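The chains referred to below are lettered A, B, ... by the order of the sequence lines, with proteins before strands, and numbering in each begins at 1. Please read all numbers here as calculations on a predicted model, not as lab measurements. All values below were derived from every heavy atom in this structure, side-chain atoms included, with hydrogens, water molecules and symmetry-related copies excluded.
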2 protein chains.
Amino acid sequence: MRKELTAKGKATRNRIIEGAAAVLREKDVSIATLDDVMARTRTSKSQLFHYFPTGKDELLLAVAHHEADQVLADQQPYLGCLDSWEAWQRWRDVVVERYEEQGEECPLGSLVLHLGRSTPGARDVVVALMRQWQESLATGIRALQTAGHLPADLDVEHRAAALLAGIQGGVAILQSTGRAEHLRAALDQGIGDLRRAAA
Amino acid sequence: MRKELTAKGKATRNRIIEGAAAVLREKDVSIATLDDVMARTRTSKSQLFHYFPTGKDELLLAVAHHEADQVLADQQPYLGCLDSWEAWQRWRDVVVERYEEQGEECPLGSLVLHLGRSTPGARDVVVALMRQWQESLATGIRALQTAGHLPADLDVEHRAAALLAGIQGGVAILQSTGRAEHLRAALDQGIGDLRRAAA
DNA sequence: AGTAGGCTGGACCAGCCAGTCCAGTCGAGA
DNA sequence: TCTCGACTGGACTGGCTGGTCCAGCCTACT
């Protein structure tokens, strides 16, 4: 944050964020404590408050940013060039695999929920993530259009929004029930309907 | 729970559950305390532990059950008889309106997330809710089939699962960003694709 | 009327955990 | 080498909150 961070300081700060992220992947925010983070990152409490002066929420927000970046990064390179049906299919597989593997916990979701309205900026992290995600999907659909695989009068944003909603819901259901079939159904149905729109 | 509950006792127990539900609609689980519930329901701590001997989690689980029942109840009578395109449209409007009004908080979601794996039965509440919900949607699609509005070879469960995922995702996005457009997009796209399948 | 047992009030306790404080170390530039 | 400030360790605290306990009230049933 501040300019006065030395290389060593930056490293420690990152270690804390990544360690905290790891902790939050194992236990819920409401259960995780600063002591957990300290143990995992081999830091002391004064370090935590040195790098995140306003306390826990500031650290949590930093972790949220970190996790949000991760979400889209995990879908690359496929999400970046959805210009053929094969690319869409590969992307679909990556998404399903990623979330099936993650399974139980959604650090970002519970993080933002926990920070909520009280912490300014928490909501913005999700808003930005959703915007970027939908943007990528829309770009992919447009790529299919220019390649002649889809009619030009398709409402791109609408379809991208619906697809994104399907993914989010599929993930949510996966996380609360443990079954990934809804995520698969949403993706397959969404892509399938897109393909049908080609004819 | 126990048979020995008097009418008065039952009333108090219900008052506690409903009061707790009201509290949880205002603040997150992790922030809400037993004192909040006590204040809202004008009960003492001994009453809370009298009706929910094992403590907070037991109360929270009861609230989760209560909220889960509410979800489907709010969508009636439309969800119960999705036998025409008009009925689907009206149901869509009810869902959008309900969640737009609820807006910010999803008591059930955060509740189950908070109880998590530690409390047996928490996950089951959501699983059961999702099953019933999807069942209702599937029944509605089948009704359209028998009425001749949809081809008989449609994969009903698959479509119902995708639609449900879209709803859940739309709601999730609505709650974390404040915008309902994804929920609307998911519903409209889902129903629209269904209609297109008719032709 | 008597009584057993459900029902209620509220004081009290113990553990947890974010946040504070200060003393001390390390490292880079003058 | 000196010095300043970033960096680190760890003891301490204060408030919050779930949970306990017991004494007394109310009510259904005999």
Side-chain angles (χ1 to χ4, degrees), chain A residues 1-21 23-24 26-64 110-111 114-116 118-119 122, chain B residues 1-21 23-24 26-64 110-111 114-116 118-119 122:
Chain A
M1 288 297 118
R2 290 171 185 71
K3 284 297 175 187
E4 63 225 36
L5 275 187
T6 58
K8 191 182 179 187
K10 239 178 272 183
T12 304
R13 200 186 126 99
N14 283 336
R15 199 174 82 241
I16 293 175
I17 292 177
E18 272 158 30
V23 168
L24 291 177
E26 284 172 10
K27 40 174 72 177
D28 191 72
V29 194
S30 53
I31 299 171
T33 70
L34 291 184
D35 288 311
D36 292 329
V37 178
M38 286 163 57
R40 160 85 63 158
T41 61
R42 270 200 291 278
T43 49
S44 65
K45 197 161 275 189
S46 59
Q47 292 182 69
L48 260 42
F49 281 86
H50 179 72
Y51 293 107
F52 306 95
T54 60
K56 196 183 187 185
D57 285 355
E58 190 180 352
L59 167 59
L60 259 32
L61 187 57
V63 174
S110 37
L111 217 46
H114 183 258
L115 294 174
S118 57
T119 309
Chain B
M1 290 295 118
R2 290 170 185 70
K3 283 297 175 190
E4 62 226 35
L5 274 187
T6 313
K8 191 182 178 186
K10 238 178 273 183
T12 304
R13 200 186 125 97
N14 283 335
R15 199 172 84 241
I16 293 175
I17 292 178
E18 273 158 31
V23 168
L24 292 177
E26 284 172 9
K27 41 173 72 176
D28 191 72
V29 195
S30 53
I31 299 171
T33 71
L34 291 184
D35 288 313
D36 292 328
V37 178
M38 286 162 58
R40 161 84 64 158
T41 60
R42 271 201 290 279
T43 49
S44 65
K45 197 162 273 187
S46 60
Q47 292 181 68
L48 259 43
F49 281 85
H50 179 71
Y51 294 106
F52 306 94
T54 60
K56 196 183 187 184
D57 285 355
E58 190 180 351
L59 166 58
L60 259 32
L61 187 57
V63 174
S110 37
L111 218 45
H114 183 257
L115 294 175
S118 57
T119 309

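Summarising the geometry, atom NE2 belonging to B:His114 is positioned 6.0 Å from atom OG belonging to B:Ser30; distances are rounded to the nearest 0.5 Å. Once rounded to the nearest 0.5 Å, the distance linking OH of A:Tyr51 with CG of A:Asn14 reads 10.5 Å.
Remark: P of C:dA11 and CG of B:Asp35 are 12 Å apart, rounded to the nearest angstrom. Distance A:His114 NE2 to C:dC17 P: 12 Å, rounded to the nearest Å. Atom-to-atom, NE2 of B:His50 to C1' of D:dC26 comes out at 12 Å; the value is rounded to the nearest Å. Following rounding to the nearest Å, A:Leu5 (CG) and D:dG5 (C1') show an atom-to-atom distance of 13 Å. As rounded to whole Å, 16 Å separates atom C1' of D:dC21 from atom CG of B:Leu48. Rounded to an integer number of Å, the gap from CE of A:Met38 to P of D:dT8 is 13 Å. In this structure, B:Phe52 atom CZ and D:dG18 atom C1' are separated by 15 Å, rounded to whole Å. In this structure, A:Phe49 atom CZ and C:dC17 atom P are separated by 14 Å, rounded to whole Å.
When the nucleotides C:dA18, C:dG9, D:dC7 are ranked by their closest atom to the side chain of B:Ser46, C:dG9 comes out on top. Of the candidate nucleotides C:dG6, D:dT8, C:dT8, C:dG6 has the atom nearest to the side chain of B:Thr6. Distance from the side chain of B:Lys8 is smallest to D:dT27 among D:dT8, D:dT27, C:dG9. Of all nucleotides listed (C:dT20, C:dT8, D:dC7), C:dT8 comes nearest to the side chain of B:Thr12. Of the candidates C:dC7, D:dG18, C:dG19, D:dG18 carries the atom nearest the B:Lys56 side chain, counting heavy atoms from C-beta on. Of the candidates D:dT8, D:dG18, C:dT20, D:dG18 carries the atom nearest the B:Lys45 side chain, counting heavy atoms from C-beta on.
At a threshold of 4.0 angstrom between heavy atoms, the contacts of A:Ser44 include nucleobase atoms, whether or not backbone atoms are also involved.
Applying the 4.0 Å criterion to OP1 and OP2 of D:dC7, one finds that A:Gln47 has every side-chain N and O outside that range. Contact check, B:Tyr51 against C:dT8: a side-chain N or O comes under 4.0 Å of OP1 or OP2.
Closest approach of A:Phe49 to A:Gly55, counting heavy atoms only: CE2-CA, 3.7 Å.
Just one residue in the list A:Thr119, A:Leu61, A:Leu34, A:Leu115 forms a side chain to side chain contact (heavy atoms under 4.5 Å, CB included) with A:Lys56, and that residue is A:Leu34.
At least one donor-acceptor pair under 3.5 Å links the side chain of B:Asp36 to the backbone N or O of B:Thr33.
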